[in-house]
Each structure stands twice: as C-alpha cells, then as structure tokens.
Amino acid sequence: MALVAGAHVLPAYALDAIAVRLEALVIDIAPAVELHSSDSDRIQVSTVPGADGIVRRIEVRAVAPSPNGSQWAVFALANNTDEQVDRLIVAPHYRMVGSGMFWPDLGNRRIVNITASQGFRPERQNSPDADVFLITLDPGTTVTLVAELTDRKLPQLYLWEPEAFKDKVNSFTLYNGIVIGIAGLLALFLTILFVVKGSAMFPAAAALAWAVLGYIGLDFGFWAKVFGISPLAQQFWRAAGEAILAATLVVFLFAYLNLNRWHVRYAHIAAGWLVFLAALVGLALLDPAAAAGIARLSLLAVAFMGFGVVVWLAMHRYDRAVLIIPTLFLLVVWVITAGLAVSGYIGNDLVAPALLGGLVLIVMLIGFTVMQHAFAGLGAIAGTAQELERRALAVAGSGDIVWDWDVDTDRIHVSPEVEEALGLKRGALETEAAGWLDVIHPGDRDRFRATLDGVLDQRRGRIDQDFRLRAQDGHYLWFNLRARPVVGTDGEVVRCIGTLTDVTDTRTAEERLLHDAVHDNLTGLPNRELFLDRLSSALGLARADDTLKPTVLMIDLDRFKQVNTSLGMAAGDSILLTVARRLMRLMKQHDTLARLGGDHFGLVLLFERDPERITAFADTLRRTLRAPITFGDREIFITASIGMFLSDGQKRQPAEVLKDAELAMHFAKRAGGDRIEVFRPAMRTHKLDRLTIESDLRRALERSEMSVLYQPVVRLDGRKVAGFEALVRWNHPQLGTLGPDDFIGIAEETGLIVDIGLFVLDTAARQLGTWQRQVRGEPMFISVNVSSRQMLRHDLIQDLKAVLARNVVATGTLKLELTESLIMENPEYAAQMLMRIRELGAGLALDDFGTGYSSLAYLQRFPFDTIKIDQSFVRDLSRGNGKAPRPVIVRSIINLAHELGMEVVAEGAESEPAAALLSKLGCDYAQGFLFGEPMTAEEARKLIQPAAEAPPPSLLERGRLAARKPVPATPPAPAAAAPAAKSAGDPAPGAPKRAKQG
C-alpha cells in the first residue's frame, strides 16, 4: 500500500486494501492496482474481504465498450476509522516525469468510469488535465473498485484529500500563470524588437520565445482550457511542439552565430535539419509517440552540438559566441535534467514545473543577449554635425558612389548612379551581401566573398578591391570599392561603408597595355615572349602525357628585305599581314602562331603526332605561302624557309627548342630557300668549332652530363625482350642532347673515349645487376661497344675486372661488342685479349658482321658467343618476298653462326615483314625501332618487369644456366614497344666508323 503523510507518497502493495488514514493528504495507489483485460464488455472480480471476512463476486459492464475488448483496473480502499471519509481518485492525463525518452507517453484520458463493490458510485469531477472521481467511504468499510480504462496504460493514480488537492491545483495554477505571463511578455518583446531592429537574429529569437510559450502553455493545460483541446488531440500538439521547439532552437543558433552569410555548407546542414524536423510534425499526425521521441533526441543533439560550435567559435575569438556560452551551458544542463526526468530517474512532482520555468529563464537570457546586440551599435559613429556635414560634402564633390553594408540587417545600400550605369532597375542592388554575388563576375566572386569574410573575422582593416558588375545587356563594368568597417561597442562589425568608383576605362587601358606587351602590334599575333611561354606549357604537357609530341616550326620569308626596300614599308606590312592570315587559316584550335620579329614566324603544333602528317602540313604551309600576293597592280611572290623541330622525348627548355628550330631554318635558307629542313643534332657541329667541343667534352663526365640509354634486343621466337644495347648520350648544357656522331670521333682522337667507355661499361653493369635482382626468370644481358683505343690498352682487362667486382651479374650477361675491322687489325693480340675477357665471365659479340674483311679461319679461333648482322643486310628484307639476294646472305650468316655455336642478333629491324622473315630464316634476336627506341633505365624496367610469381634464381643458378648456354633465355617480359617514327645515327662509344640505330 501507499500511505502518505502530507505530500509524501508511501509504497502500497497489490492484492491488499489500501487503508485510508485521516492525516494522509495524498496516497499513491498505482502500485496496488491490478490491470486486467477482457475480450468482452464485462469483467467479474472477487472483492477484497471486509471486516466480516466475506468475499463476494461482482460483475461490471463497460460503459464505453471497444471491439477489441475492455481494459480494467482493480483496487480496494479500506476505511478503518470511525469517521466517514471523502477522497478524490485522481488519474493525471499527462506528466513529463517518467513519460519516457523513446515512444513517450504523451497523455490521454485514463479512466472512463469507476464502479464500487458497495456504496455509491464515485462521481466524476470537472478537471481538464486529469480524471477525478469523488468517493465516500463509510466507517469500517472495505470497498473494491473496478475502473474502466481507455487503454492499458495507467502511469499515475492518486488518492487525494479534497481540500489538499484543491490547494495543490490552486498553487500550481498561480505558478503556471506567472510562468506563462513571463513567457508571453518575452515573446511579445522580442517580436517588437524584431520590428524595430531588422537583423536576422531577432526574428529567430522571437520564434524561439513563441515556441517555448506554446510548449509550456500546452504542458500546463492552458491551451486545453482556452481552446477545449481534447486529451487525444493534445498528443499531436505535444509532439509537434517538441519538434518546433528543436527547430526554432536550430534557427536561432544559425542566425545568431551568423553562419549563413558565406558558409554555404552550414546553410545546407541547417536547412536539412529543419526539413527533417518539419517532417516530424507530419509524422506526429500518424504516430505522435514516435515523433515526440525523435524530437526529444533532436533537441538533445541540437543542445550539445550548438554548445560545441559555440565553444569552438569562442576559441577563435568570435565575440557573439563568447557572450552566449553561459546560456548554452544552462541549456545543456536543462536538457540533461529533462532527460533524467522523462526517463524516471528524477520523480519529484516539482521537477516538471521547475524545468518549464528554467526553459523560460533560458529564453530570457537569450533575449538579454539579443537585446545587447540590438543597441550595441548606437553611438558607434562619433563626431560633430559639422564634421559629418563636411565629410558628406567631400564625398558628393568627388563624384564617388556611396556603398554601405549594414551587417546586422545584412543589407547593402548603393547610390543609384551604379544602377543607372548598369541599366538596372532602381533598388536592384539594394539586397543582402550574398545577393551581390549574382551580379559580380564569376571570376571575382570568391575574392569578394573572402574579403568581406575577413573584415568580419578580423574586425579591422580596409577594403580596396576591383571587381566586375554585370550590366543589363550582359557586359561587365569594372568598379573599385574602398571601404572600412565600423565596429560597435561590443567589438563586432555593425556596418561597412565606403565609396565605389567606375574604373572601366582605366582597366581597359591596362588590359590594352598588357595585350600589347605580349602581342605584335602589326599582326596581333603573340610575340616572342608569349610564344616561349606557350611553348613551355606545351613541353610541360608533353612531360605529363607521353603521347603528346609538340612540333616547333620556324618560318622565315625569303628575300623579304629586298621586297621591303623596293616597294616600301607599306608593302612590307601588307605582306606580313597577308602571311599571318594565311598561316592562321591553317592552324587548329590548340596550336600557337607568333611573329617572333621582322619576317620570322613561329608555330607550335601541339596535338599532331604522326611525322608524316606533320611533314605534309609543313609542305602545305610552304605551298600556301608561295601563292602570289596582290599589292596595288602588282603581284608579289614570296617563298619561305622552314625549320622544323620534332619532339624526341628529351627534357628540353623552350629557348633550346626554339634555338634548334632556328638552326634548321638557317640550314634551309643556306640551301637556297623555299624548302623544309628537319633539325638534326649533327647541325650543331657546324655551329661550334672543334676546340669548344673538345673543351666541353673534357668536363662532361665531371659535370655528370653523360647518360646511358638502352635499346631493347628481342628474341624473335615469342617476341620477348632478352636484353639491351647500351648507348651513350651527351646532355650538353647549350647544345642539348648530342648523339655519338657528334662527339665520339673527337673523344677517340683525344683519348677521352677511354673514360667515356669505362663510364658506360660501369653504368651498364650496375644497371644489369639491378635488373637481374628485380626480374624473375633467366637473367637479362646488356651489350656494350668497345672502341679501338680501349682494345689496344692493357688496362681493359683490369677495368673489366674492377667493374665485375663492383657489380654482381650473371656470367656471360655483360657482353662486349667489337667490330670485325677492329679484330682484324691485330688478330693474334685480339685473340689473347678476347680469351682473357671470356675467362673473367664477360660475353663477347662480333658487331657489324659482313661489312669487314674477316678471315673465317680466324673467326673459329675467337671465343665469340654472338654475331650481330649489320643493319645494311636487314633493312630491305621485306622486299621481294625473300627472293632478293640479300636474304641469301643473311641466311648464310645465320647458318654459319649456328654451325659455330653462336647466336645471331639482327640490327635495323624496322618493319614487321623484315622481323617475320628474320624469324623464318632462323635468326635468334633482333633490335631496331620496330621493337623500341633507346630509352632510359626506368622506361626499360617498366618494359621488362614480368608478371610471373616464381622467385628469381640465385646467382649460382644463373651462372650455371649461362655456362650451359652463352646467351640467356628470354625472360617473361611484356611485348616490345611499337615502332618509332624515325631513326638517327648512333654508333657505339668505341665504334666511330659508321652509324648505328639509336
């Protein structure tokens, strides 16, 4: 049982009659209630025995039967006193305490009717927020009561002394009236403040105050009394009120912290949240409990996230956030306490009124904070009337346009002169700051936004910025804004005011000067500076995309000076304009045409890759310029010398590329003009004397200007990469990349070939060791050319021994290539040297076989393991279907080599028919541009990187494999590269007599 002295509820136990004492003002009888369900509209219960001990059985019929059955509550009251007792049975429709967090109990009418086992039926009393029944208990009686319920829920049931209940209702009515009055006055005051001061934070604060007023009025039962809202309808309004309360809190925090001005991301988050909360109102029509549970969780999230955002902004010295920290902290405490109350951890009857009063207090603190901002800017602009008048007259006299941004209302005012200049309607530019972004040029919007953002954040500084505004007809005018922020007494920027000046003419003049600085005044084409800049961009794109190969053409008009002298400057200018128009008609969108000075024109072809198409374009350009030009009554014939630079994949500077194209153009002019010359590295040798080349060559190794490229050697059976031939390049600082033709002869004569050859040998051996450790399967091989100066030196054996000691490679995979002519100069000495080289573990290849005067008798004595067929026998193999005399010679060489136990490498394979015929003739390997150009070590590594999973064999196993077979088997590498577009001379470091592929 639950007997209470005063207002304290004592526990009660079911199945026993609750003893009613005279001094107990209120008794909690909910724990002593038995809840029953019946499928029909009747229920039979056994009464609690009275003083006579007799148990009776009564049947009660439902007053409001339901198709789904009836719900009942059974309890008993005992009057053990000798006085008649009147008590009120009270079942509140709704209580915040214990209502629940998820799917909360939002209240309803609890009891339809109460039937007593004896005596008079309890009479229903008039009460808007509870089911109240008056029962009279005679002395010494025990009465069993059967209450017909609206549903299975009966959260609270109390037995009140009538006068005590009346006093309690009166006291809470007074408190509720005071709280509602304060909330109403606060909402009305904030609404009036919004009318007076139109900043966004004021309507947001007023909306929050009205939401709180509606929520507490509903909780206190005020609206039920005023509008006669039924308890069932109150479930919807209570759920909707909680969702609206959370939504208005989001709106206030968003507006107060001013997150919507520039941070579009925050605006999207807030808008999404509000849409979600608005959807909760719709959900409340279907399931108020579910909507209320989600709204309570949302209110909890808003409080904590809002407090976190405010603290973060306060740490960044945002004054508004600092001022509202105490209020948000109280809100967090309020939310936590409300959560404990609805969860049942706090059960005092005073908790709910106290929480609602605390909510009004929080709104009051918010109102004080907002009011502080409302009047903070008053008096910020100081000065006498005379000073203000003087400044106003100065602005009017200067002709500048006034620009004023009221930060609180987020409205920009501008003088009507701007709207007139832009052809806009009056007042079209008087909008919020974000509205100006629609009129500002897209290229200036981010800068304008960031400038205003910085003024608000720093609260100091000044604005001096040019931007473009769109006129009514779509064109743009330039304006210069000079403004300064005005800071209020609270330290916040309340407005930003300055002048706006039309600077369109000034900017147009500047753009014209800038255009003239990088363009030719006569033809309007880019000049040399802009041409070099665009050429640099094209070379940068080519480095990022290997498929791009920019081509540079240098065009010089032949005998233009004679025409200029005989016909005059006017004719010369007319000819230049005609030439420029003709060239522009041949260009594509991404190409660049420039006048480099005088009668020189430059052209960059960016996306044309096929050398034949490029050559055809250059020939079309040449023939186009040969068409006669009419000047007056005369026809003038102009020809042009064209120098062309084709991209070779090397990293070059724009000035270097342009210099090479000019060199090719000079060669074309020397040859008589009206022709096209493609740049070749050999052209540079005509430009520099021998002493300069020799001097630079002596310092090339010290400056790390020498590099090694690798040309693939492919096994014809399977088309897999088996090895490489090492080829040297000189990266000259002025002349660019030089091939062996340009410096090997000088190196031979000066003796520098020894150091260069050792550098190539050591670099190739080191790279070969790296590949053999990385690539699985049988080891790769690298061939290195040996010159006569190296062969005649006894130090070659020591150099080779040192290289092999420093670099661990498989036996026989580092091959030295020697020519027939070199061997036959001194065959006896050569035989001894070759045997010692073979004993050190190096492989030997006879290069250029078939072009010298070798003796087959000596050939049997030399320990060569490979013969290389010269490219002169290979190039035209595809002609004649094998019936020409050359295939007979090649077949003989291949059969001879195989009879001697040697393998054969064919040089100069540049077509698929030639490669197929070589394979048919039994040739083992081939190299040439069909299988790949000389490439860097990294490009070669990508070419040979296998996909096999088997681990690489050990060095011992590699040595055994090499001992059984001189030339290693082909590793499982990718197919060789596609054929290149061109070939160039490339003799080995020690073979200057003739050119090789490279």
Side-chain angles (χ1 to χ4, degrees), residues 1-5 9-66 68-92 109-125 127 130-162 165:
M1 297 182 187
L3 302 182
V4 178
V9 180
L10 301 179
Y13 299 93
L15 305 178
D16 292 331
I18 301 172
V20 180
R21 294 185 297 174
L22 297 177
E23 68 276 9
L25 301 181
V26 59
I27 301 173
D28 183 6
I29 61 177
V33 173
E34 289 185 350
L35 299 177
H36 298 276
S37 299
S38 64
D39 296 334
S40 64
D41 60 348
R42 303 170 186 271
I43 186 174
Q44 293 183 356
V45 297
S46 299
T47 63
V48 176
D52 54 4
I54 298 174
V55 177
R56 297 177 177 84
R57 192 166 185 82
I58 64 175
E59 181 179 271
V60 180
R61 185 173 182 179
V63 175
S66 172
N68 299 325
S70 303
Q71 308 296 329
W72 308 90
V74 181
F75 57 96
L77 301 177
N79 182 8
N80 298 325
T81 66
D82 55 358
E83 297 181 9
Q84 189 181 53
V85 177
D86 291 333
R87 287 294 184 265
L88 295 176
I89 301 174
V90 180
R109 179 170 294 172
R110 305 297 184 182
I111 300 175
V112 179
N113 185 41
I114 296 179
T115 302
S117 62
Q118 59 177 317
F120 296 101
R121 179 189 297 270
E123 298 179 1
R124 177 182 289 273
Q125 306 297 305
S127 178
D131 293 322
V132 181
F133 294 87
L134 176 63
I135 185 172
T136 301
L137 300 175
D138 294 330
T141 60
T142 299
V143 181
T144 300
L145 301 170
V146 181
E148 180 185 350
L149 306 180
T150 57
D151 53 32
R152 293 184 59 86
K153 296 180 181 179
L154 187 62
Q156 303 99 19
L157 188 63
Y158 298 98
L159 193 65
W160 277 91
E161 195 278 326
F165 180 72

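Proximity of a side-chain donor or acceptor of Asn79 to a complementary backbone N or O of Leu137 within less than 3.5 Å is detected. No donor-acceptor pair closer than 3.5 Å links the side chain of Ser70 to the backbone N or O of Ser38. With hydrogens and angles ignored, the 3.5 Å screen pairs no side-chain donor or acceptor of Glu34 with any backbone N or O of Trp72. With hydrogens and angles ignored, the 3.5 Å screen pairs no side-chain donor or acceptor of Thr144 with any backbone N or O of Thr47. Side-chain N or O atoms of Thr150 include none that pairs as donor or acceptor with a backbone N or O of Val112 at under 3.5 Å. Side chain of Gln125 to main chain of Glu123: a donor-acceptor pair is present (N/O by atom type, distance under 3.5 Å, no hydrogens or angles). Side-chain atoms of Asp41 never come within 3.5 Å of backbone atoms of Pro65 as a donor-acceptor pair (strictly under, hydrogens ignored).
Note that CD1 of Ile43 and CZ of Arg61 are 15.0 Å apart. Values are rounded to the nearest 0.5 Å. Rounded to the nearest 0.5 Å, atoms CG (Leu25) and CZ (Arg87) are 8.0 Å apart. Atom OG1 of Thr115 sits about 11.0 Å away from atom CD of Glu59, to the nearest 0.5 Å. Distance check, rounded to the nearest 0.5 Å: CZ of Phe120 to CG of Asp138 gives 8.0 Å. Note: His36 NE2 to Arg152 CZ = 10.0 Å, rounded to the nearest 0.5 Å. Interatomic distance, CZ of Phe133 versus CG of Leu88, reported as 11.0 Å (0.5 Å rounding).
The number of heavy atoms from other shown groups lying within 6.0 Å of CZ (Arg109) does not exceed 12. Annotation for Asp39: atom CG does not count as buried by contact number, only 12 or fewer foreign heavy atoms lying within 6.0 Å.
Looking at heavy atoms from C-beta onward, Phe75 lies in side-chain contact with Leu157 at the 4.5 angstrom threshold. In this structure the side chain of Ile89 reaches within 4.5 angstrom of the side chain of Leu159, judged on heavy atoms.
Counting all heavy atoms, side chain and backbone alike, Glu161 lies closest to Ala24 at CB-O, 4.4 Å. Of all the heavy atoms in Ile111 and Arg124, the pair that sits closest is O-NH2, 2.6 Å. Counting all heavy atoms, side chain and backbone alike, Asp86 lies closest to Pro162 at O-CD, 3.3 Å. For the pair Ala73 and Leu149, the tightest heavy-atom approach, listed with the atom from each and the gap, is CB-CD1, 3.9 Å. Here the closest non-hydrogen pair linking Thr141 and Gln118 is CB-NE2, 4.4 Å. Between Ile18 and Ala32, the shortest heavy-atom contact is CD1-CB, 3.7 Å.
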Inset, instruction - Go through the steps for Gln71 and Leu35 under the test side chain to side chain contact (heavy atoms under 4.5 Å, CB included), then give the verdict. - result: CA-CA 7 Å; Gln71 308 296 329; Leu35 299 177; over 6 Å; no
Inset, instruction - Decide side chain to side chain contact (heavy atoms under 4.5 Å, CB included) for Val85 and Leu77; before the verdict, give the C-alpha distance in whole Å, the side-chain angles of both, and the deciding distance to 0.1 Å. - result: CA-CA 11 Å; Val85 177; Leu77 301 177; over 6 Å; no
Inset, instruction - Given side chain to side chain contact (heavy atoms under 4.5 Å, CB included), test Val60 with Glu148 step by step and report yes or no. - result: CA-CA 9 Å; Val60 180; Glu148 180 185 350; over 6 Å; no
Inset, instruction - Could you go through the side chain to side chain contact (heavy atoms under 4.5 Å, CB included) check for Ile114 and Ile135 one step at a time? - result: CA-CA 10 Å; Ile114 296 179; Ile135 185 172; over 6 Å; no
